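Just so we're clear, the structure is a prediction, and the values are computed from it rather than from any experiment. So that the names make sense, note that chain A is the first sequence line, chain B the second, and so on, each numbered from 1.
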Amino acid sequence: MKYTLTTPLYYVNDKPHIGSAYTTIACDAQARYKRLKGHKVIFITGVDEHGQKIQRTAEQKKIEPIEHCNNISQLYLKLWDKWDISNDVFIRTSSQEHINIVNDFFNRVFSSGDIYMGHQKGWYCVGCEEYKDIDEHAIESTCPIHKQKLEWRDEENLFFRLSKYQNEIEQLVNKEDFIYPISRKNEIINFVNSGLKDFSISRVNVKWGIPVKGYKDHTFYVWFDALLGYISSICKLNSNYSLDNLIDNGWPADVHVIGKDILRFHAVYWPAMLMSANLEIPKKVIGHGFLTKDNLKMGKSLGNIIDPDKLVKDYGIDSVRWYLLKDFKFGSDGDFQFRRFVDIVNNDLANTIGNLLNRTTSMSRKWFEGNIPEAINSDTHILQIKVVDTLKVYNSSFSIFDFSRALDSVIELATFANVYLNEQAPWKQIKLNSNKQLVANDIYSILETCRIIAIMINPVVPKLSIKILNQLNFNSTDINLTECCYWGLLQSNAKLPTPEPIMNKLEFIDDN
RNA sequence: GUCUGUGUAGCUCAGCUGGUUAGAGCACAGCAUUCAUAACGCUGAGGUCGAGAGUUCAAGUCUCUCCACAGACACCA
């Protein structure tokens, strides 16, 4: 089964931001999960490189726009490497394959009669770089933010007939599963109900963009260009630059994961564009929340930005991935607190899971000649029942991007095993030789539980997962979430390596 | 300004169609314990459920008003 998912194509105006990293690990976790479930996954990410802002930034740096884009793109690639991102494609909108797709796509939309020449008029603030919603009959007006005089602009642009798709889009956004979360869905519904207006898709004063063939001085508006990056990714992956055979190659996307700020482009404009071009529309759009830090918006002016590079350097990638996916409800805004980050990671990964593994492997080695004991069980072990229940919750949560609940269920399982161990107290039982088989059964079951826990957390903390499996002497290549979760695959009498902490505790560094 | 959402223990949140003494995890305190990463476990302290009024035998849960925060109200992404 194919499963295609995308992050947004990040705007390369500046170096990568923690918010982009958050979106990307969420996608990565889902991509890894789906792979473990046996899907053929296409995980798309990339960068959006055109537009006036980039042009200006490059000018300020006194370099060519493409040079600037090369630099920032490199930063993204490096970051995703450090963050263990398993994307299948990285698309750049300045690439030739993308430019070809944009042209082909435009031709299709043009043939549908959905393109016309119009005028973009209004009061424009140079500071905001946007048109202000101010009465066009006003003689003079100022920007409420910048307090500068607004310029009256009347620009010739190509327009896309969005209004033609009013009914189709209304139906689409009202569909049960298209937009998530629900609160955002309602916003979009309201927006659509208020009546869709055509929007412009070209600019005449922006040089750094893809030229519109046949229209001198016109370049495509960044959004028209950027959204198509998802399609060109599919083409790039198949080294096949045609819009005609996308279906078999992974289009439509199963889900676009984006920040809540760009939901409208993905849930309204983009589907309409695809309809016009006679292409399939994505199945789902998820707008997740934003991160704040100590309840404040992160921003340069406040100087409270979390640098994703430094974060990983200081704390390690698994910790960061775990915290962001475990403690934040996907869809809602989340508050990043370093104290809490350290506590959560230490408790969940070091104390609960790490220590469970450590204490059990240690007993196993001590009493069973350095090996995994052999279980001779006539009854289904209580831990096996618990594992099966956990897998149910885990799977149903993970597949709907409820990472937090999925991981909670895993921690609950590990805690259950810890409690069980305390209750059974094998260190007491073992003193009586007649109890040896009983102890063997329990130790085996707990090790087996650890093995399955390792597989369950694999999409979120891949490195840690492998460490656990190695400690259990279980082959971690080709693991999956179906057969590998069957009870009893852990090999009895296999040698256990010397136990060592799989996760060192984090120390709270108070300089953030 | 209009509309929407949120506001529950120090922190992050769960509480479905109103019904016994409001829950979890973390943090904190005590106990216990050594198989284990000063870890695990047990117990405890912590809340007038944003404020006020109303409906009801009964409201965190429904209605109204107010307060605070967040978001949407089309071309910055």
Determine whether any donor atom in the side chain of [X] lies under 3.5 Å from an acceptor atom in the base of [N], or the reverse, and answer yes or no.
X	N	answer
A:N422	B:C40	yes
A:R339	B:C26	no
A:N355	B:A36	yes

Taking atom P in both B:A27 and B:G41, compute the distance separating them and give it to the nearest angstrom.
-> 11 Å
Look at [X] and [N] and indicate whether a side-chain polar atom (N or O) is within less than 4.0 Å of OP1 or OP2.
X	N	value
A:W367	B:C35	no
A:K505	B:A38	no
A:K366	B:A36	yes
A:Y420	B:G41	no
A:N358	B:C40	no

Any ion pair linking A:K293 and A:D335 (charged N to carboxylate O, less than 4.0 Å)?
-> no
Is A:D198 salt-bridged to A:K164, going by a charged N under 4.0 Å from an acidic O?
-> no
Check every atom of [options] against the side chain of [X] and return the nucleotide holding the closest atom.
X	options	result
A:A350	B:A74, B:C40, B:U37	B:U37
A:S362	B:A36, B:G41, B:C75	B:A36
A:V419	B:C26, B:G41, B:C75	B:G41
A:R359	B:C40, B:A70, B:C76	B:C40
A:N351	B:C40, B:U37, B:C76	B:C40
A:D327	B:G71, B:U12, B:C75	B:U12

For a quick check of understanding: with a heavy-atom distance under 4.0 Å over all strands, which category does [X] fall into, base, sugar-phosphate or nothing?
X	answer
A:Y269	base
A:Q337	sugar-phosphate
A:K428	nothing
A:V222	sugar-phosphate
A:G195	base

For [N], which nucleotide in any strand shown is its Watson-Crick or wobble partner with both distances under 3.5 Å?
N	result
B:U63	B:A53
B:A68	B:U6
B:G23	B:C13
B:G46	none

Are A:W427 and B:C35 stacked, counting the six-membered base ring, centres under 5.5 Å, planes under 30°?
-> yes
For B:G46, does the glycosidic angle fall within 90° of 0 (syn) or outside that (anti)?
-> syn
Quick one: do the A:N371 and A:E369 side chains pair a donor with an acceptor below 3.5 Å?
-> no
Regarding A:D442 and A:H381, is there a side-chain donor-to-acceptor distance under 3.5 Å anywhere?
-> yes
Rounded to the nearest 0.5 Å, the OG atom of A:S20 sits from the OH atom of A:Y76 at a distance of 4.0 Å
